[in-house]
Amino acid sequence: MKLTVIGTGYVGLVSGACLADVGNEVLCLDLDAAKIRILEEGGIPIHEPGLLEIVRRNVGAGRLAFTTDIERAARHGEIQFIAVGTPPGEDGSADLQYVLAAARNIGRHMDGYRVIVDKSTVPVGTGDKVRAAVAEELAARGAELPFSVVSNPEFLKEGAAVDDFMRPDRIVVGADDERAIELMRRLYAPFQRKHEKLVVMDVHSAELTKYAANAMLATRISFMNELANLAEALGADIELVRQGIGSDPRIGWHFLYSGCGYGGSCFPKDVKALIRTAAEHGWALHVLSAVEAANEAQKHVLVDKIVRRFGEDLSGRRFALWGLAFKPDTDDMREAPSRVLIEELFRRGASVAAYDPVAMREAERIFGDDPRLSYAGRPKSALEGADALVIVTEWKEFRSPDFDAIRSRLRQPVIFDGRNLYEPARVRDAGIEYFGIGRA
Ligand SMILES: NC(=O)c1ccc[n+]([C@@H]2O[C@H](COP(=O)([O-])OP(=O)(O)OC[C@H]3O[C@@H](n4cnc5c(N)ncnc54)[C@H](O)[C@@H]3O)[C@@H](O)[C@H]2O)c1
């Protein structure tokens, strides 16, 4: 099938490459010429395990191409995926300007039947707005061309995006007409050979499903974080509590880790957007408002611990920071807890020596050449002469460190472990003061 993917970010590029990998002819459009240049030169603009190989393989096979040419993109694919960003607007609602601009571009240039698929995370009712935008552009041209609008939210996780796309748990398709549903079935057949994964529903339900999934996961995290803070006050250990409840099949093991808050490009904005959608309809989502407030507070939990240990005035102090990305296996720092921590340390006069396996370039882009932030080529070099080590991202390479080397390099042997990577007793046995999350 001929497919166009509009927006070549985390979702668009992974979707485009994986769809090409099963034999489709995919054209990826982005308005960011720099991104397209990187792709045309054989690179990829993001860090995502396994993606570069798939992109190269499919470009080589002539099934995957990149362009900034809107007209060419609209004419290429019978199916047009919209995978552009939907960042939060000032009031927390999803900003739909990129989605609607993409829809208008399709309407302006399409030359036959099109299935327009919203893959971006968009509030309920966006499918109707996309339909109206395309219809308006067609009317302006005096063209009478048939088209369908489908909601097909994406559930991939950064860091495991290729695997998630290739082996999805479910494929949600919101559509109102049979022709489009049939095309979506054909498109996704290669990804569900073992058993049926397509969950077909109306467009509004599909749009809400994506928010429901992210809101539920964010809720579990905030719940565990609040409980962790309580555990500390009560002299309990949240890790033991986690094991005690995760084994209950009604609860399950996923998303039960406490830490220093969730970040990324999805949970924070999607929770906000759902609260906003509800408010626009006269509903208050009490649980989700608390989830968001708890998460904002949790992003400060590490700095609060640091202040309790070192005092409010941190001037002249330096902290080694392991992890900048909002989670492992990505270079994405959107809404990352590390950003709040770094700003809070700066505000109190401290400097930071950071190490992250892939996100340091992104940090440089965000913090510019701020002299208070330096970067280390290796985790150990960040420790030299620092007052303490702070861990914000649970990269695998941090899991089993040489504690003696940590102790000898730090000015004061203290670890603030924002992801509960270590057993407190093991760290203390190594002569290091240890502060985890929710571990008495
Ligand atoms: N990142 C994730 O893990 C993830 C997972 C599931 C769903 N989503 C959702 O998918 C959507 C995209 O997220 P992302 O992280 O891939 O975003 P991103 O910011 O990485 O990429 C979006 C791309 O769209 C391009 N773009 C914007 N307007 C355009 C237009 N009119 N025509 C062509 N290109 C245009 C931008 O230049 C950018 O490269 C969002 O709605 C997000 O909530 C993201």
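One-based numbering, in listed order, for ligands and for the atoms of each. Along the sequence shown, residues carry numbers from 1.
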With heavy atoms under 4.0 Å as the rule, classify the contact between Arg334 and ligand 1 as side chain, backbone, both or neither.
-> side chain

Under 4.0 Å from any heavy atom of Ile6, which atoms of ligand 1 are there?
-> 32 (N), 33 (C)

Measure the shortest side-chain to side-chain distance between Asp202 and Ser205 over non-hydrogen atoms and say whether it is less than 4.5 angstrom.
-> yes

Is there side-chain contact between Pro123 and Tyr211, with at least one heavy-atom pair below 4.5 Å?
-> yes

Have His204 and Asp128 got a donor and an acceptor in their side chains that come within less than 3.5 Å?
-> yes

Under-4.0 Å heavy-atom contact with ligand 1, by part of Ala161 that carries it = neither

Ligand 1 atoms in contact with Lys269 (distance to a heavy atom under 4.0 Å) = 42 (C), 43 (O)

With Phe165, which of Asp21, Val14, Leu51, Ile54 fulfils side chain to side chain contact (heavy atoms under 4.5 Å, CB included)?
-> Val14

Any nitrogen or oxygen of Asp30, main chain or side chain, under 3.5 Å from a nitrogen or oxygen of ligand 1?
-> yes

What residue and atom, counting heavy atoms only, is the protein's closest point to atom 30 (C) of ligand 1, and at what distance?
-> Leu31 CD1, 3.5 Å

Which protein non-hydrogen atom lies closest to atom 5 (C) of ligand 1, naming both residue and atom, and how far is it?
-> Leu156 O, 3.5 Å

Assess Arg170 against Phe155: is NZ or CZ under 6.0 Å from the centre of the six-membered ring, and within 45 degrees of the ring's axis?
-> yes

Tell me, with the steps shown, if Asn152 and Tyr188 meet side-chain hydrogen bond (donor to acceptor under 3.5 Å, both in side chains).
-> CA-CA 11 Å; Asn152 172 218; Tyr188 280 117; 2.5 Å; yes

Does any non-hydrogen side-chain atom of Phe66 lie less than 4.5 Å from one of Val55?
-> yes

the protein heavy atom lying closest to atom 21 (O) of ligand 1 turns out to be Gly9 CA, 3.2 Å

Arg276 versus Asp91: any side-chain heavy-atom pair under 4.5 Å?
-> yes

Find all atoms of ligand 1 within a distance of less than 4.0 Å from any non-hydrogen atom belonging to Asp32, and give their numbers and elements.
-> 37 (O)

Of Ile79, Leu64, Leu187, which meets side chain to side chain contact (heavy atoms under 4.5 Å, CB included) against Leu19?
-> Leu187

Within 4.0 Å of some non-hydrogen atom of Thr86, the atoms of ligand 1 are 40 (C), 41 (O), 43 (O)

Is there a nitrogen or oxygen of Tyr10 sitting under 3.5 Å from a nitrogen or oxygen of ligand 1?
-> yes

Mind checking whether Lys157 has an N or O less than 3.5 Å away from an N or O of ligand 1?
-> no

Taking atom 10 (O) of ligand 1 as the reference point, the nearest protein heavy atom with its distance = Val11 CG2, 3.5 Å

Measure from NZ or CZ of Arg220 to the centre of the six-membered ring of Phe255 and say whether it is under 6.0 Å with the direction within 45° of the ring axis.
-> no

Among Val84, Thr8, Leu29, whose heavy atom sits nearest atom 29 (C) of ligand 1?
-> Val84

Do Lys119 and Pro153 have side-chain heavy atoms sitting under 4.5 Å apart?
-> no

Decide whether a cation-pi geometry holds between Arg419 and Tyr257; the criteria are a distance under 6.0 Å from NZ or CZ to the six-membered ring centre and an angle within 45° of the ring axis.
-> no

Output yes when the distance from some N or O of ligand 1 to some N or O of Thr121 is under 3.5 Å, and no in every other case.
-> yes

For atom 2 (C) of ligand 1, the option (of Glu154, Arg104, Glu158) bearing the nearest heavy atom | Glu158

Have a look at ligand 1 and work out which part of Ser265, if any, has a heavy atom under 4.0 Å from it: side chain, backbone, both or neither.
-> side chain

Heavy-atom contacts with Lys35 under 4.0 Å: which atoms of ligand 1 show up? List them by number with element.
-> 38 (C), 39 (O)

Out of Gly7, Pro45, Gly85, Pro153, whose heavy atom sits nearest atom 22 (C) of ligand 1?
-> Gly85

